[in-house]
Number of protein chains: 2
Amino acid sequence: MSDVKGSAALRATLVFNLGTLGALAADRFAARVEELGLKPKHAGLLAALDAGSAASQQELAARLGVAPSLIVSLADQLQALGAVERLRDPDDRRRQVLTLTPEGRRLLSRCAEAAEAADAELAAGLDPDRRAALAEGLRALGARHVPH
Amino acid sequence: MSDVKGSAALRATLVFNLGTLGALAADRFAARVEELGLKPKHAGLLAALDAGSAASQQELAARLGVAPSLIVSLADQLQALGAVERLRDPDDRRRQVLTLTPEGRRLLSRCAEAAEAADAELAAGLDPDRRAALAEGLRALGARHVPH
DNA sequence: TATTGTTATACTCTATAACTATA
DNA sequence: TATAGTTATAGAGTATAACAATA
């Protein structure tokens, strides 16, 4: 056997498959949330707010792994849709505390439905046991990469 | 129980986890192939050529799911690195047939090593059985989405 | 006239840097 | 002086459309 790795070696890796399938999944999901006036990053922000893991925009930027200026833009758009409120933190008036509105929770619910519909399309015909194992594996892997 | 889905429902989906982990994996891989002068799409093109699944630039564009004009740009850069050759198809002189050079195969091998190194980093501490199941599940899912 | 590859152009996404206000 | 948020600007990446060569 040769130690020169070809395309088969690359295709066997997690990063290659996660990268290609991730782009595919993101496109499918984006197409479905587009009619809600949202992009995937909006859904990520709504989910982070619902999970209550962060409040200030700086914390959210770190959580989502994006620049603080992008949070401003995403929050502006969600606010225009009536999905979030910005409240000045009375203890530190530099901080804007973002909170979900009922409309924001409704939109998050629609995003979850969109993701489930995209799942059904993506995994159509896949063995249910294998699909469950895949979901569990992804969840376990993702849990190791939550920003602190 | 409520039928209003929150962030937990979204985080349980394949598309959400594939999307977030895919972006993470792509970044890690990109950082490692950067020193080779390559981006992930270059690696994808090298792998497609090595697999022999396509020859003309139009076929490669369809295979990778990108615009034909992007193949021109990627092939230009790979040609400048001495990784691919462009040969006019004598049967149809409109066609440019791309072929890997020895240097191209060497670069592909380095890409595979970069992906394996990124895998080790990404899956560090993950149970080996779970990791194997994950790799197998991704491979099975990806096989369902190869462009025809 | 249709198709392959190429070039020219424009658009989307996101980061970096400068700025304002609060601390 | 340092930090949270905002605004202004710039860069990367990629698509679309116009073009040239060949069928």
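This is a predicted model, so every value here is computed, not measured. Residue numbers begin at 1 in each chain, while the letters A, B, ... track the order of the sequences.
Among residues at least two apart or in separate chains, salt bridge (Lys or Arg N to Asp or Glu O under 4.0 Å) pairs with a member in residues 70-87 of chain B are B:Asp76-B:Arg86. Within the structure, the salt bridge (Lys or Arg N to Asp or Glu O under 4.0 Å) test picks out the following pairs touching residues 21-37 of chain A (sequence neighbours left out): A:Arg28-A:Glu121, A:Arg32-A:Glu121. Among residues at least two apart or in separate chains, there is no salt bridge (Lys or Arg N to Asp or Glu O under 4.0 Å) pair with a member in residues 37-47 of chain B.
Evaluation of the side chain to side chain contact (heavy atoms under 4.5 Å, CB included) rule for A:Arg131 yields A:Asp119, A:Ala123, A:Leu126, B:Leu14 as partners, not counting sequence neighbours. A:Arg130 pairs by the side chain to side chain donor-acceptor pair (under 3.5 Å) definition with B:Glu136, not counting sequence neighbours. With sequence neighbours excluded, no residue satisfies side chain to side chain contact (heavy atoms under 4.5 Å, CB included) with B:Ala12. Residues that satisfy the side chain to side chain contact (heavy atoms under 4.5 Å, CB included) test with B:Ser69, not counting sequence neighbours, are B:Ala67.
Once you apply a 4.0 Å limit to the heavy atoms of chain A, the touched nucleotides of DNA chain D run 5' to 3' over D:dA2 to D:dT7.
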N/O donor-acceptor pairs under 3.5 Å from side chains in residues 90-99 of chain B, not counting sequence neighbours:
from	atom 1	to	atom 2	distance (Å)
B:Asp92	OD1	B:Arg94	N	3.1
B:Asp92	OD1	B:Arg94	NE	3.1
B:Asp92	OD2	B:Arg94	NH2	3.0

Contacts table for residues 16-25 of chain A: side-chain donor-acceptor under 3.5 angstrom, sequence neighbours left out:
from	atom 1	to	atom 2	distance (Å)
A:Asn17	ND2	A:Arg11	O	2.8
A:Asn17	ND2	A:Thr13	O	2.8
A:Thr20	OG1	A:Phe16	O	3.1
A:Thr20	OG1	A:Asn17	O	3.3

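The stretch residues 31-46 of chain B does not touch DNA chain C, since none of its heavy atoms comes less than 4.0 Å from the strand.
You won't find any donor-acceptor pair under 3.5 Å spanning the side chain of A:Ser69 and the base of C:dT14, going by distance alone.
When each of B:Ile71 and A:Val66 is assigned the nucleotide of DNA chain C with its nearest heavy atom, B:Ile71 is the one assigned upstream, toward the 5' end.
Computed from coordinates, the A:Leu64 CG to C:dA15 P distance equals 11 Å when rounded to whole Å. One atom, CG of B:Leu70, and another, C1' of C:dT7, lie 14 Å apart when rounded to the nearest Å.
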Dump the pairs, protein N or O against N or O of nucleotides 2-5 of chain C, anything under 3.5 Å, distances to one decimal.
from	atom 1	to	atom 2	distance (Å)
C:dT3	O4'	B:Arg94	NH1	3.2
C:dT3	O2	B:Arg94	NH1	3.0
C:dG5	OP1	B:Gln57	N	3.2
C:dG5	OP1	B:Gln96	N	2.9
C:dG5	OP1	B:Gln96	O	3.3
C:dG5	OP2	B:Gln57	N	3.4
C:dG5	OP2	B:Gln58	N	2.7

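With hydrogens and angles disregarded, no donor-acceptor distance shorter than 3.5 Å links the side chain of A:Ser109 to the backbone of B:Val4.
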